[in-house]
Amino acid sequence: MGSVLSQFQGQSGNQSAKSRAYVPLVELKATAVLRRRSLFGLTDSVFRLEDSVTDELRNDVQCTLVSVEIDKETGIGKESKVAWMAGSWLFATKTDTKDDGQESYSLTFMVEQNFGEPGAILIKNYHPNWFFLEYITIHMPAGSDAHFQCSSWVYNNTDYGGTPRVFFSNKMYLPNQTPKGVLHLRNLELQQLRGLGTGGRNEPDRVYDYDVYNDLGDPDKGEGFARPILGRSEKYPYPRRCRTGRGMTKADPNSEKPAKGVESIYVPRDERFDHIKRSDFLGSSIKSFLHEVLPTIEQNLRGTDDFDSLLDIRNLYNNGLKIPTEHLNSSLSEEETLCGFKNAFEVIRELTNGDQEDSSLLKFPLPQILQDNESAWSKDEEFGRQSLAGLNPLAIQRITVFPPKSSLDPSLYGPQESALTEAHIEGYMEGLTVAQAMQKNRLYIIDYHDVYFPYLERINKLEGKGYATRTIFFLSNQGTLKPIAIELSLPATINGKPGKKNKVLTPNGDRVHWDLAKIHANINDSGVHQLVSHWLRTHAVIEPFIIATHRQLSAMHPLYVLLGPHFTNTMNINALARKELIPANGVIEKTFSPGKYSLEMSSIAYKSWRFDEQSLPSDLLKRGMAVEDPSTKYELKLLIEDYPYAVDGLDIWWCIKDWVKDYVNHFYKDALVVQGDTELQAWWKEIKEVGHGDKKEGWLDLQGSAELVEVLTTLIWIASAHHAAVNFGQYAYAGYMPNRPTMGRKLIPEENDDSHSDDSHLLRSNPIKFSMRTWSRQSQAIEVMAVLEILSTHASDEEYLGERTKTPFWSSDKDILRAFETFGNRLKTVEESILQRNRDPSLFNRRGAANLPYTLLIPSSDEGLTGRGIPNSTSI
């Protein structure tokens with residue numbers, strides 16, 4: 001970064017050393033609002049005293065105001081005299097806004113009478129410790145205020161190599177509109193954020209760079225912990241992640257060493273969770289549960305880790321699980337304790353009823369799927385309803401070819417002809433033939449054959465056991481989906497023995513086998529939901545956009561300001577996921593059937609990912625769930641009218657699109673402005689060629705405002721509503737493991753199959769107990785339940801779609817502020833419409849037999865486990 005530093009030389013608040021005529025100076029008063037707290041919101045009195053001592057020595061916070069106008073002698077923006085934050089760090093003035101740790105400090109800038117409009121502030125922090133700078137307000141002589149929405153951590157100046165931090169006013173400019181006085185700062189700030197692409201990364205760093213997913217394995221621990229590198233590969237394509245600069249393993253010089261112990265995975269400092277955001281505590285809860293509580297549970301369950309009946313599962317809510325607390329040894333370091341990490345006992349209290357007296361009792365809250373009707377989850381009609389209004393309503397598609405076809409290479413996997421025939425299903429279709437049902441848009445499918453089949457032989461050698469499933473649904477005259485056939489496929493060999501056994505089960509056959517087929521279909525769906533619909537299509541695909549935004553779009557750019565709230569905390573939660581949830585032997589590998597092949601399977605799914613198919617309308621058209629119809633509200637006709645995810649989603653999608661259209665048209669008056677925006681075009685180029693460099697197709701050309709609106713609406717949709725739809729209902733539906741099992745442990749035994757004689761006997765003698773052995777062990781189920789409860793919980797300070805409460809001075813443009821207010825009002829109208837639809841008894845799919853209303857796309861929410869609310873970003 002030497003070249004960047006050299007360009008800042010001399011910008012310390014002093015004017016040019018050249019002699020100049022005396023110009024009278026005037027005072028500009030200002031107020032700086034900040035928080036001096038550690039990352040997790042716990043004030044450190046030692047830090048406070050240490051900073052106050054340096055304050056007395058005049059090692060303070062130095063601020064310089066920069067004008068939008070050029071100083072003719074220096075050739076850069078006019079600068080004020082150096083100003084220092086006034087007020088003791090030990091006895092700071094609290095702000096009047098709220099009791100959240102904000103402190104205010106006075107500043108007095110001395111500027112020339114012809115200084116002009118403030119455009120930037122340079123800050124050097126000489127305190128040994130850091131603070132979070134919320135905003136600075138300049139009180140202008142005319143009585144108006146100029147605001148600088150900083151929202152950034154500021155470390156000691158030596159951590160930036162002596163380079164001052166730069167903050168711009170809340171006026172937005174396209175690159176060619178940038179005032180000359182701050183143009184050089186705009187360019188230099190971007191150079192700093194890009195870095196040089198080399199070296200390690202330290203906590204204060206603000207460098208955004210790309211890397212492949214080469215940190216999921218730990219080959220130095222043995223071959224069983226090695227994982228393929230995802231990204232920059234034709235075999236394993238993947239979106240890029242943030243480069244950390246950690247060293248490489250000895251066993252594989254291309255694999256990055258995993259973070260050890262309490263070590264955090266680097267993300268640029270401002271991507272760390274907000275100073276008081278509860279997600280930090282949620283993240284620490286995951287860590288404490290996995291490393292302290294879970295091993296104790298597993299030890300306690302040794303030899304009794306299977307469920308024997310549904311009552312065993314129900315007891316996790318009724319009676320709870322007694323934790324032998326004498327075996328709990330907190331692994332929290334002094335630093336983590338200081339920063340507010342939760343210990344094991346706090347985690348147990350968080351995951352249970354806060355009113356109970358026994359703090360050693362892990363007693364889970366009753367999931368919503370059970371709260372009104374405890375048996376509805378097992379009904380066929382609820383199985384069908386959840387494909388439209390459950391956790392993964394993005395998988396179902398209309399059948400246009402029957403029997404379904406595989407796209408797998410037969411030279412690698414053999415002939416893949418489906419075992420489904422018309423005879424299997426025609427008795428379930430209200431008198432229609434297959435041809436008639438397809439012609440009337442009445443046949444639908446969830447097809448996981450090609451996702452799972454290439455991995456089945458390897459998966460079935462592990463603890464996980466399963467099939468590649470296809471589930472056929474019929475749209476009844478009442479508008480509900482009925483499952484009418486499930487195909488279970490196995491590869492030609494299983495553990496080296498002949499095993500090609502495609503079989504089809506139907507509802508009127510053996511009921512036990514039909515229910516087992518539904519279990520295996522749900523196991524497939526749980527894996528695809530978590531690995532593809534959730535992780536890949538929200539968390540992973542968004543990260544390259546975040547990196548490119550900081551590297552190519554200035555903080556002054558209108559699109560940086562638009563997208564900022566929708567990228568908040570995503571990189572941090574992704575880093576946490578790479579450390580605890582998705583690495584070798586992490587939560588996903590231990591509790592989901594694909595096991596060690598989980599992330600590899602998501603890489604294969606990425607091969608078919610295209611950005612131009614991620615908008616909700618495009619996705620519905622691709623899956624055949626809708627057709628274009630200019631006469632309808634959104635020029636899109638749903639073929640299943642009572643499709644709650646799509647109905648609510650389209651309302652949300654068009655609210656977002658109308659807001660984005662107002663925003664874009666305000667700044668881009670014609671196509672030439674879009675084409676001439678150098679930062680925008682560089683941003684889009686880098687996303688396509690680097691961030692998502694493995695994907696050569698599916699990208700829009702940014703030639704005009706229409707394409708730009710579509711791109712931005714899609715990004716906001718993915719980060720907010722798409723993520724909300726697949727995340728915040730996880731505990732409501734999957735908190736009861738039989739409804740959404742994640743691990744399959746037994747195949748359905750075949751008649752006259754000696755290799756499964758014990759299983760065959762158990763299935764005949766005690767089908768309920770066999771079912772209990774088909775899915776997760778107790779410890780696996782508890783691990784999944786705990787993590788899903790944490791991930792489904794809204795933070796106390798969450799910011800929802802249509803809100804910008806954390807950045808009160810995000811824009812000074814009154815037209816934009818009015819348009820945003822309109823956006824918020826539209827979302828309130830949509831919210832009332834959703835609530836009204838949920839009260840309509842004719843819309844069966846909105847509540848179903850479980851009487852669980854579809855609320856996942858209601859924009860607002862309270863904190864906690866609510867099953868509703870659309871946060872601005874993919875932040876948990």
Side-chain angles (χ1 to χ4, degrees), residues 378 380 383-384 387 392 395-396 399 402-406 408 413-425 428 444-474 482-495 497-529 592-594 597 601 738 740-753 755-756 759-760 762-764 767 770-771 773-775:
S378 64
D380 287 358
F383 180 85
S387 68
N392 193 25
I396 191 162
I399 292 179
F402 190 89
K405 304 293 184 184
S406 170
L408 295 177
Y413 303 106
Q416 294 298 308
E417 293 183 5
S418 173
L420 284 159
T421 66
E422 294 184 4
H424 284 122
I425 64 175
Y428 301 97
Y444 295 83
I445 187 172
I446 294 180
D447 189 348
Y448 292 138
H449 179 277
D450 288 4
V451 176
Y452 278 89
F453 193 86
Y455 287 90
L456 279 182
E457 186 167 4
R458 285 174 284 174
I459 289 174
N460 286 334
K461 290 179 180 178
L462 306 174
E463 180 181 12
K465 300 292 184 290
Y467 302 88
T469 64
R470 290 185 175 111
T471 305
I472 308 297
F473 298 89
F474 176 74
K482 300 191 305 182
I484 59 176
I486 298 175
E487 181 179 24
L488 305 176
S489 298
L490 287 174
T493 58
I494 303 175
N495 299 332
K497 299 179 181 179
K500 180 66 175 177
K501 300 169 184 173
N502 283 19
K503 57 180 156 185
V504 177
L505 295 104
T506 58
N508 288 347
D510 183 290
R511 189 67 202 186
V512 172
H513 282 74
W514 170 248
D515 286 341
L516 290 171
K518 288 196 300 179
I519 289 172
H520 282 286
N522 268 333
I523 290 169
N524 273 197
D525 193 65
S526 292
V528 172
H529 160 260
F592 282 72
S593 282
Y597 304 106
M601 286 176 63
R740 300 280 304 176
T742 61
M743 172 68 78
R745 295 192 294 133
K746 285 187 181 295
L747 299 177
I748 303 173
E750 299 289 331
E751 294 183 12
N752 304 318
D753 186 348
S755 65
H756 293 89
D759 288 344
S760 298
L762 181 60
L763 179 58
R764 290 192 299 269
F770 180 86
S771 295
R773 301 295 190 269
T774 297
W775 51 48

List the residues meeting side-chain hydrogen bond (donor to acceptor under 3.5 Å, both in side chains) with D447, not counting sequence neighbours, and say none if there are none.
R470
E417 and K405: CA distance, side-chain angles, deciding distance, salt bridge (Lys or Arg N to Asp or Glu O under 4.0 Å) verdict
CA-CA 7 Å; E417 293 183 5; K405 304 293 184 184; over 6 Å; no
With a 3.5 Å cut-off and no angle check, do the side chains of D380 and W514 form a donor-acceptor pair?
yes
Take I519 and L516 through the test side-chain contact (heavy atoms from CB on, under 4.5 Å) and record every step on the way to the result.
CA-CA 5 Å; I519 289 172; L516 290 171; 4.0 Å; yes
Taking the side chain as C-beta and beyond, is there a heavy-atom pair between I486 and K518 under 4.5 Å?
yes
If you measure from CG on L490 to CG on L747, what distance do you get to the nearest 0.5 Å?
6.0 Å
On a heavy-atom basis, which atom in M743 and which in G464 lie closest, and how many Å separate them?
SD-CA, 3.5 Å
Taking the side chain as C-beta and beyond, is there a heavy-atom pair between L420 and P404 under 4.5 Å?
yes
Can you measure from CZ (F383) to OG1 (T471) and round to the nearest 0.5 angstrom?
4.5 Å
Validation row: K465, K746 side chains within 4.5 angstrom (heavy atoms)
no
Tell me every residue that passes side-chain hydrogen bond (donor to acceptor under 3.5 Å, both in side chains) with Y448, counting only those two or more places apart in sequence or in another chain.
N392, D525
Does any donor atom in the side chain of H424 or T421 lie under 3.5 Å from an acceptor atom in the other side chain?
yes
Identify the heavy atoms of E487 and A419 that sit nearest to each other, and give their distance.
OE2-N, 2.6 Å
Please examine the side chains of P483 and F473, heavy atoms only from C-beta on, and report whether any two atoms are closer than 4.5 Å.
yes
Does the pair E750 and K503 meet the rule for a side-chain contact (heavy atoms from CB on, under 4.5 Å), with working shown?
CA-CA 10 Å; E750 299 289 331; K503 57 180 156 185; 2.5 Å; yes
With a 4.5 Å cut-off on side-chain heavy atoms, are I446 and S387 touching?
yes
Does either side chain, that of Y452 or that of T469, offer a donor lying less than 3.5 Å from an acceptor on the other one?
no
Applying side-chain hydrogen bond (donor to acceptor under 3.5 Å, both in side chains), name anything that partners Y455, two or more places apart in sequence or on another chain.
E600
Look only at the side chain of S593 and the backbone of G744, and say whether a donor-acceptor pair between them is shorter than 3.5 Å.
yes
Please tell me if the side chains of Y467 and I523 come closer than 4.5 Å, counting only heavy atoms from C-beta onward.
no
Quick one: does S378's side chain get under 4.5 Å of D515's, heavy atoms only?
no
Roughly how far, to the nearest 0.5 Å, is CZ of R740 from CH2 of W775?
13.5 Å
Could you tell me the separation between the CG atom of L488 and the CD1 atom of I748, rounded to the nearest 0.5 Å?
5.5 Å
Once rounded to the nearest 0.5 Å, what's the spacing between atom CG of L505 and atom NE2 of H520?
10.0 Å
Is any side-chain heavy atom of F474 less than 4.5 Å from a side-chain heavy atom of I425?
no
What is the minimum heavy-atom distance between N460 and G466, and which atoms define it?
OD1-N, 2.8 Å
Run the side-chain contact (heavy atoms from CB on, under 4.5 Å) test on I445 and I396 for me, step by step, so that the C-alpha distance in whole Å, both residues' side-chain angles and the decisive distance to 0.1 Å come before the verdict.
CA-CA 6 Å; I445 187 172; I396 191 162; over 6 Å; no
Here the gap from I484 atom CD1 to I472 atom CD1, rounded to the nearest 0.5 Å, amounts to 7.0 Å
For S406 and Q416 the tightest heavy-atom approach is CB-CB, 3.6 Å
